[in-house]
J.: 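Shown below is the structure under consideration.
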2 protein chains.
Amino acid sequence: MRIRQLDKALDLLDLFAKDKQPLTLTSIAAELDMPKSSVFNLIDTLSRRGLIYETRQRGGYYPTPRLHEIASAIMEGDVFLLNIHDELERLASDTGETVLLAARQGAEVAYIDVVESASPIRYFARYGERRPLYTTSTGKAILTSYDRAEREKVLSSIEFVRHQETTFTDPARLMAELDVSVERGFTLDRAEFTPDVMGIGVPLVHGTRRFGLAIAGPLYRMDHQRHRLARLLRAAADRMQRIMENADL
Amino acid sequence: MRIRQLDKALDLLDLFAKDKQPLTLTSIAAELDMPKSSVFNLIDTLSRRGLIYETRQRGGYYPTPRLHEIASAIMEGDVFLLNIHDELERLASDTGETVLLAARQGAEVAYIDVVESASPIRYFARYGERRPLYTTSTGKAILTSYDRAEREKVLSSIEFVRHQETTFTDPARLMAELDVSVERGFTLDRAEFTPDVMGIGVPLVHGTRRFGLAIAGPLYRMDHQRHRLARLLRAAADRMQRIMENADL
DNA sequence: GAACTTAGTTCATATATATGAACAACGCAG
DNA sequence: CTGCGTTGTTCATATATATGAACTAAGTTC
């Protein structure tokens, strides 16, 4: 179950991040579609914790530097993700496509870092979005990081659903595809979950942590140059792997 | 009314900022004194938004770079607070005492930025903490930033409470004290709210925005050198004022 | 400077939600 | 590979909380 008021609080932070200006209680209520009295409680909670303040009497509320301080302290604890973020940016800029970093969450992958392509036509994915493990290039990449026995085990616990024409629904065929991917050096997702979207992925492993790194974009723009993109992807992954070796979590 | 689950969520972020390592659902429940099922909802909400993820199966949860990204975007909207933070740091280091930036919130001031002294004996204040306008050096500093007429008006709407022996409880006497402060170039708080704590403050004004900037520490360490500290404070305030002129909110 | 407009605040109560307890799933040790 | 100690998950219901409506107060306009 989602905590609605927490969701609203996060919506509010997103709103500040987007607008970058003080907002009045009333305007927040309108924007987030909440009663004023609820926004009052929200503001009360955040301001008593020193996260926001009233910039001047009736002049709207805005966050203090506190959130940034907390976020910075937290990032210190994950030097790895902090450091490789720059590599994601670079890869996105080199390829012109959206770059995704995903972690396995049970039978799904969740995107834990996303750098969007600058193209007007691009794959639009959000932090926290999830996909079935077996439909995405990142998920498949994570699967290839397990040895065959473990891979079998993971697949056996999964329920396959056909999302698109191309979706793999047979574990055996998927296993074969994964073998091919290992051989080839990268995994593919040919519109197996989202129509017209192609993904190219590789695994990133550090000790027991496993990530999937991928480039994703429109099929028509990616398919014909998949080997070039894969080369860039592998090069970036190698650099990240090196960064990983020098960091710990 | 505070939103309890939001408070808990913020407690969790603080916990990550402190521990800087992945935490299991169960350990979070213990640490925050919450039922596991409630922590489950909390984690569910945060992870579906891409703010945290499970670092590996049963390996604990940790924030993604998302929060940092949001916080950074928000700070872009308040270049002023972002820029002067360094000055606060500098002032704290130069004086060896805690430095506070406060904004008026009705009849109170709230600390919106705090840099703590490195001394083992120091004034310990937190973001978001509030004090009556008339008891603190920051509050008095903000009061001196109004012209006398407006100042009278503000004071007339305040209910005075004696917190300590030295607390001003008579508006007329406070007005006189404020006049003296303007003359002297800085406001004082001699343990008027918190025992043994002394504060030295100056106002910071940009258009209609008013802040109070202060140094605070133990009376015995501050009183004898208050003029030296005030000089450092004024110099810092001047630098900030210049930064202010080149920024906008 | 009085009237108006818009902003923030309070509070009783309907209503959504936090939670205890029982369950399921994972990973580790032997 | 099997059993055991944890960890994460579900769900009905007691309980805390979100909220509509009525209010106060600040700011703005004429």
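Note that the coordinates shown come from a computational prediction; the quantities given were computed from them, not determined experimentally. Labels below follow one simple rule: chain letters A, B, ... track the order of the sequence lines, proteins then strands, and each chain is numbered from 1.
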J.: A:F40 has an atom CZ; how far is it from atom P of C:dC11, in whole Å?
T.: 10 Å
J.: Do you know which of B:R131, B:K140, B:Q164 makes side chain to side chain donor-acceptor pair (under 3.5 Å) with B:E192?
T.: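 Filter result, single survivor: B:K140.
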J.: CE of A:M1 versus C1' of D:dC11: gap in Å, rounded?
T.: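 So the two atoms are 9 Å apart, to the nearest Å.
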J.: Quick check for you: among C:dG8, D:dG8, D:dG20, whose closest atom lies nearest to any side-chain atom of A:L25?
T.: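 Selected nucleotide (nearest to the side chain): C:dG8.
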J.: Kindly state whether the ring of A:Y53 and the ring of A:Y62 have centres lying under 6.0 angstrom apart.
T.: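 Between A:Y62 and A:Y53, which both carry aromatic rings, the centre distance is not below 6.0 Å.
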J.: Ignoring backbone atoms, establish whether B:S37 has a side-chain N or O less than 4.0 Å from OP1 or OP2 of C:dA21.
T.: no
J.: Looking at D:dG5, I'd like to know if its phosphate oxygens (OP1 or OP2) sit under 4.0 Å from a side-chain N or O belonging to B:R58.
T.: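 No, B:R58 has no side-chain N/O under 4.0 Å of OP1/OP2 on D:dG5.
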J.: Quick check: on DNA chain C, is the nucleotide nearest B:Q57 upstream (toward 5') of the one nearest A:Q5, or the reverse? Name the residue that is more 5'.
T.: A:Q5
J.: For A:R4 and C:dT15, is the shortest distance between a side-chain N/O and OP1 or OP2 below 4.0 Å?
T.: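 No, outside the criterion.
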J.: Would you check if the distance from the ring center of A:H85 to the ring center of B:H68 is below 6.0 Å?
T.: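 No, the ring centres sit 6.0 Å or more apart.
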J.: Could you tell me whether B:I43 contacts a base, only the sugar-phosphate backbone, or nothing, with contacts defined as non-hydrogen atoms closer than 4.0 Å?
T.: nothing
J.: Specify the separation, in whole Å, of atom CD1 of B:I158 and atom P of D:dA26.
T.: 11 Å
J.: So which one's nearest nucleotide on DNA chain D is more toward 5', A:M34 or B:Y61?
T.: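 The residue whose closest nucleotide sits nearer the 5' end is B:Y61.
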J.: Atom NZ of B:K8 to atom P of D:dA16: distance rounded to whole Å?
T.: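 Roughly 14 Å, once rounded to whole Å.
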J.: Using a distance-only test with no angle check, is there a side-chain donor-acceptor pair under 3.5 angstrom linking B:T208 and A:R56?
T.: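 Indeed, the side chains of B:T208 and A:R56 share at least one donor-acceptor pair under 3.5 Å.
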J.: How many whole angstroms separate atom CZ of A:R56 from atom C1' of C:dT6?
T.: 15 Å
J.: Using whole Å, report how far OH of A:Y146 lies from P of C:dC26.
T.: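 Computing the A:Y146:OH to C:dC26:P distance gives 11 Å.
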J.: Of the listed nucleotides (C:dA18, D:dA18, C:dT9), which one gets closest to any side-chain atom of B:N41?
T.: C:dA18
J.: Go through the steps to decide whether B:R130 and B:T136 satisfy the test side chain to side chain donor-acceptor pair (under 3.5 Å), and finish with yes or no.
T.: CA-CA 10 Å; B:R130 296 180 182 205; B:T136 57; over 6 Å; no
J.: Using atom NZ of B:K36 as one end and atom C1' of C:dG20 as the other, report the distance to the nearest whole Å.
T.: 11 Å
J.: For a quick test of reading the model: is some side-chain N or O of B:T24 closer than 4.0 Å to OP1 or OP2 of D:dT6?
T.: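 Result: no.
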J.: For A:L23 and B:S38, find the nucleotide of DNA chain C closest to each by heavy atoms; which residue's nucleotide sits nearer the 5' end?
T.: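 Between the two, 5'-proximity favours A:L23.
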J.: Report the residue (B:S157 or B:G59) whose heavy-atom-nearest nucleotide on DNA chain D is the more 5′ of the two.
T.: B:G59
J.: Please give, in whole Å, the distance from C:dG27 C1' to A:R210 CZ?
T.: 14 Å
